[in-house]
J.: 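Got a structure for you, questions after.
Every heavy atom of this structure was used, including side-chain atoms; hydrogens, water molecules and symmetry mates were not.
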Amino acid sequence: MAAADSPSAALRRRDLCSRGIRLAGKMRSDVVDLLDTYVERQGLDASASVAAVEGVPAAAVERWDEQTGTQRLLENLAAYRAFRVLLAQMLEEQREQLGEADAALGRALAGVLLQVSAFAYHLEELLRLESRAPPSEEGSGPPPAPHLGLFERKLRGLGVLRELAQWAVRSARDLRQLAKPSPGSSSAPGMAESP
Amino acid sequence: DSHIQYERVGADVTMKCGSMDWDAAVTWTANGTDIDESHLNGSYLILKNVDLTQSGQYSCYEGSSWHLKYQTCLRVGTPPKEPVLMCRSNNYPKGFYCSWHLPTPTYIPNSFNISVIHGTREMVCEKDVFPKNRCHIRYLQLFSTVKYKVTLTVTNALGKNSTTLTFDEFAIVKPDPPESVVAKPVTNNPRRLEVSWQNPSSWPDPESFPLKFFLRYRPLILDQWQHVELSDGTSHTITDAYAGKEYIIQVAAKDSDIGTWSDWSVAVHATPWTEEPKHLTTEAQVTETTSASTSSFMPPPTTKICDKGAVVGSGAVAVCWTAGLVLAAYGVLFI
């Protein structure tokens with residue numbers, strides 16, 4: 001395996017970043033559409049404010065421009081792994097609640113879930129390129145879905161999707177930072193070790 | 001004893017001459033001019049239904065001694081109407097600015113106070129030196145779903161008013177228009193124009209936060225614009241321009257992911273390349289006066305339309321005849 005800053009690794013990183021940026025763009029567009037569908041099907045008010053949802057990783061970040069490449073990848077990966085679990089929960093709840101009655105919403109949720117999984121995998125690849133093994137998933141991730149009433153579950157779902165939409169924008173920005181050919185974008189100062 | 005007194009337009013104002021009794025003999029002046037006694041009620045000055053022209057320095061003098069007993073600067077104005085507030089980020093992700101103005105003047109001094117709240121956090125909006133009614137704020141957090149709430153309060157001696165704006169981080173992102181827009185013809189290509197521009201200089205990091213662009217162009221003689229959206233790059237070649245027509249071209253910018261389009265850039269004008277006019281050869285070869293043709297149409301050599309040996313007038317006819325052919329050819333282009 002090439003060292004993290006060899007020319008082929010740099011090319012591979014750029015390639016993964018470009019594709020990741022496109023994935024993030026498509027994901028955001030689909031999440032925005034899903035949000036519209038979700039709000040409509042669940043009978044919610046699109047402008048309803050939702051307090052911070054427990055277990056939903058917030059995209060908001062301070063000193064974003066000072067983050068290292070590895071920090072960006074790790075935070076993104078943790079977020080999308082959490083969203084993978086949360087969206088699976090939402091899909092399960094939606095099937096229980098509406099059964100087959102709302103196939104469109106189910107399909108849209110499943111579609112986004114697939115993209116979230118693909119993006120998480122993409123991030124793991126980028127981490128490997130930084131000579132960092134992706135952290136294991138055991139013991140991490142959001143807590144099991146709390147026992148909420150139907151309306152609370154709907155609002156929680158709204159919170160999850162809104163935060164995911166923010167993440168999709170942030171991820172594209174993070175990957176662009178990562179793709180910049182500057183020392184600050186590598187995971188550690190100096191040469192990384194060859195595995 | 002001098003001070004400032006603020007009164008509303010249309011109010012009735014009563015001024016007392018300091019500590020003088022009501023029945024004291026006094027003289028009032030406004031900006032140095034004596035005020036007629038009909039405006040007095042004893043030693044009180046009564047101004048009914050004041051208007052803006054009555055602002056000024058009012059002085060009261062004791063009758064016989066002409067000692068100045070009281071002086072006030074009357075400022076007639078209005079309480080503030082609801083201010084107009086706007087917030088925008090043209091330098092994302094650094095921060096945003098808010099600017100404001102009053103829809104109608106109050107004619108008296110106003111003070112503005114702005115508060116910016118993000119969730120539970122109160123942020124400081126630093127006032128700009130210029131322009132005055134503007135402040136800027138640095139983002140402490142990015143990618144937040146929590147909305148910003150900006151409240152502007154305007155206060156003057158006659159009242160106060162306020163307005164509140166609530167928005168999220170992405171919604172107010174609007175870059176400045178692209179700069180240095182240049183449009184050039186392309187040699188040997190009568191239907192092309194090469195347009196190039198630069199990112200607005202206020203946009204801090206176009207590499208991480210790339211802009212996309214919208215180009216619009218039309219020939220001056222038509223009203224309808226052609227539009228092209230460009231997801232990257234700062235140049236574009238128009239390939240369907242009408243030959244020989246002057247074009248007007250503008251460009252706008254937007255962050256690739258969020259926010260709204262900028263205003264249109266300054267317009268530039270350009271005309272596509274056209275072929276050099278070929279010289280018109282006639283027997284009655286005249287000088288530059290007849291060669292103003294953009295057509296490649298070659299009139300057949302005129303054979304003695306005018307009699308060379310004739311009087312002066314015929315030379316002019318030759319000019320007119322050839323010029324007429326040229327104009328006719330030119331006219332055909334425009335049908």
J.: Would you list the pairs meeting salt bridge (Lys or Arg N to Asp or Glu O under 4.0 Å) in which at least one residue belongs to residues 94-110 of chain B, sequence neighbours left out?
T.: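 Listed by first then second residue: nothing to list.
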J.: Does CG belonging to D223(B) count more than 12 external heavy atoms closer than 6.0 Å?
T.: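 Atom CG in D223(B) is not packed in, count stays at 12 or less.
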J.: Select all residues of residues 197-210 of chain B having any heavy atom within less than 4.5 Å of some heavy atom of chain A, and report them by number, or 'none'.
T.: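 The list, in residue order, reads D205(B), E207(B), S208(B), F209(B), P210(B).
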J.: Taking atom OH of Y97(B) as the centre, does the number of heavy atoms from other residues, nucleotides or ligands within less than 6.0 Å exceed 12?
T.: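 Check passes, neighbour count above 12.
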J.: How about CZ on R14(A), more than 12 heavy atoms from neighbouring residues, nucleotides or ligands closer than 6.0 Å, or not?
T.: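 No, because the 6.0 Å sphere around CZ of R14(A) holds 12 heavy atoms or fewer from other groups.
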J.: Sort by residue number and list every member of residues 157-170 of chain A having a non-hydrogen atom under 4.5 Å from chain B.
T.: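 The stretch touches chain B at R162(A), E163(A), Q166(A), V169(A), R170(A).
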J.: Can you check whether anything in residues 124-145 of chain B gets within less than 4.5 Å of chain A, heavy-atom wise, and list it by number?
T.: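 Expected list: L140(B), Q141(B), L142(B), F143(B), S144(B), T145(B).
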J.: Does any backbone or side-chain atom of D168(B) lie under 4.5 Å from a heavy atom of chain A? Answer side chain, backbone, both or neither.
T.: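 Looking at D168(B), nothing touches chain A.
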J.: Relative to chain B, which segment of R28(A) carries a heavy atom at a distance below 4.5 Å: side chain, backbone, both, or neither?
T.: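 Answer is side chain: those atoms of R28(A) sit under 4.5 Å from chain B.
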